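Structure first, then comments.
Since the structure is predicted, the reported quantities are computational estimates derived from the model, not experimental observations. Chain identifiers are assigned alphabetically (A, B, ...) following the order of the sequence lines, protein sequences preceding nucleic acid strands; residue numbering begins at 1 within each chain.
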There are 2 protein chains.
Amino acid sequence: MKTYSISEVAKELNLTVYTLRYYDKEGLLPFVERTASGTRAFKESDIDALKVIECLKATGMPIKEIKNFIDWCSEGDSTLRQRFDMFMERKATVESQLEELNKTMELIKHKCWYYKTALDAGTEDIHKNDKIEIPIN
Amino acid sequence: MKTYSISEVAKELNLTVYTLRYYDKEGLLPFVERTASGTRAFKESDIDALKVIECLKATGMPIKEIKNFIDWCSEGDSTLRQRFDMFMERKATVESQLEELNKTMELIKHKCWYYKTALDAGTEDIHKNDKIEIPIN
DNA sequence: TTAAACCTTATAGTTAACTCTAGGTCAATA
DNA sequence: TATTGACCTAGAGTTAACTATAAGGTTTAA
C-alpha cells in the first residue's frame, strides 16, 4: 500500500511539516504509522482524516476539541452519538457563520458603493447628509 | 450632543472595555474625544465607525491594517482611491471566504448524514465500502 | 464627606496555533 | 566511504489579540 512522507502530505494539504508534527504532538494523528526507523508513513486514509481535521478547523473548532473527536473515533461505535451530535452542532455553527459573513458582505458592498461615488465626485462631502441605509444589527 | 461612556459602548457592541482601550492604544480610535478629566466620550458617529472596524475584523483583517484605513480616513479626500481599493479587495476576500465556508458546510452535512445512518444501524461498519462521494478539493 | 462605582494609564500575563532551532538518525548517492 | 538531505524529538520562541492588575483620579448619592 502506497504511503506518503510528511513533506508530501504537507505539500498536498498546503500545510507545513511543522504544523503536521504539531498536530501529531497534540494527539490529532494517532492513526499515522511509522517505519522501523521512526519516520511517519501517511496512508491515503490518513490524508482523508486530515481533510476532516482541516474542515473542523475551518469551522473555528479549537484543536483541543478536534482531539476529542479523534479520541471518539478511536473508541469505536460506542461514541457514534457524540460524533453525530458534534457534527450537528458544527452545522449550526457554520450556518450562523454564513449568516454573519453575509451581513459583513452587505456592509462591505455598501462601502464599495460609498467610495466609488465619492471617488467619482472627487470628495467624500457628497455623502455629508446621507441617511443611514444599512443598519448593521 | 449625547455621548456614551466606554462601558456603555462595550455593552452595545458586545466588546469589553479592555478591548476598546486596546483598540484606542493601537490607534483605531483617534476620533474619540475626552472630557476635561480625561474620560472618553463616544459620539454616535464613533459607534458607527466602530461597527465598520468590527466589520473589517469579521473579514479577517488584522488590526494593523485596519489602522491604515483609519489613518487614511483622517487624511481626507486624497486617500479616497486607497480606501475604495481596500474595500474592493475586502469584497473579493469575503467572496472567497463564503465559497470556502460553503464547501466546509457540504462536508459537515455529509458527516451528519454519515453519522445519522451509522447511528441508525448501530455501527459505523455500514459505511465500510463507501466510495468517496464528496472530494474536498 | 465618604463610599461606591465609575473612569484613567502603564504594564504584565494569557492563550492558541504555530514556527523554529539544536542536536541527532538514517538512507541513498558521488 | 563520506556527504547530502530528509526525517526525528524536545523544547524554545513568536505573534496577535486580547485580558488582567495595580495604582490612582473623578463623580455621584446618602
query: salt bridge (charged side-chain N to carboxylate O under 4.0 Å, His left out) with A/K57: which residues, sequence neighbours excluded?
result: A/E54
Starting from [atom2] on [N], measure out to [atom1] on [X] and report it in whole angstrom.
| X | N | atom1 | atom2 | result |
| --- | --- | --- | --- | --- |
| A/Y4 | D/dC7 | OH | P | 15 Å |
| B/E65 | D/dT15 | CD | P | 16 Å |
| A/Y18 | D/dT14 | OH | C1' | 13 Å |
| B/K64 | D/dA16 | NZ | C1' | 8 Å |
| A/L15 | C/dA17 | CG | P | 14 Å |
| B/I66 | D/dA16 | CD1 | P | 13 Å |
| A/L20 | D/dC7 | CG | C1' | 13 Å |
| A/Y22 | D/dA12 | OH | P | 17 Å |

Of the listed nucleotides D/dC8, D/dA20, C/dT19, the one nearest the side chain of A/I6: D/dC8
query: So which nucleotide from C/dC18, D/dT19, D/dC18 ends up closest to the side chain of B/I63?
result: D/dC18
Ion pair B/E124/A/R83, N-O distance below 4.0 Å: yes
task: Grab the two heavy atoms, one from A/S7 and one from A/V17, that are nearest each other, plus how far apart they are.
output: CA-CG1, 3.7 Å
message: Minimum heavy-atom separation for B/L56 and B/M86, please, with both atom names.
response: CD2-CE, 3.8 Å
task: Would you indicate, yes or no, if C/dA16 has its OP1 or OP2 atom less than 4.0 angstrom from a side-chain nitrogen or oxygen of A/K57?
output: no
- request: Give a yes/no answer on whether the side chain of B/S5 brings an N or O atom under 4.0 Å of OP1 or OP2 in C/dC6.
  value: no
field: Pairs meeting criterion salt bridge (charged side-chain N to carboxylate O under 4.0 Å, His left out) with involvement of residues 68-79 of chain A, two or more places apart
entry: A/K67-A/D71
message: Could you check whether atom NZ of A/K128 has more than 12 heavy atoms from other residues, nucleotides or ligands sitting under 6.0 Å from it?
response: no
- request: Examine A/F87 together with B/Y114 and report whether their ring centres are nearer than 6.0 Å.
  value: no
- prompt: Does anything in residues 23-42 of chain B reach DNA chain D, meaning a heavy atom under 4.0 Å, and if so which residues?
  reply: B/Y23, B/S37
- line: Assert: residue with more 5' nearest nucleotide on DNA chain D, out of B/R21 and B/G60, is B/G60
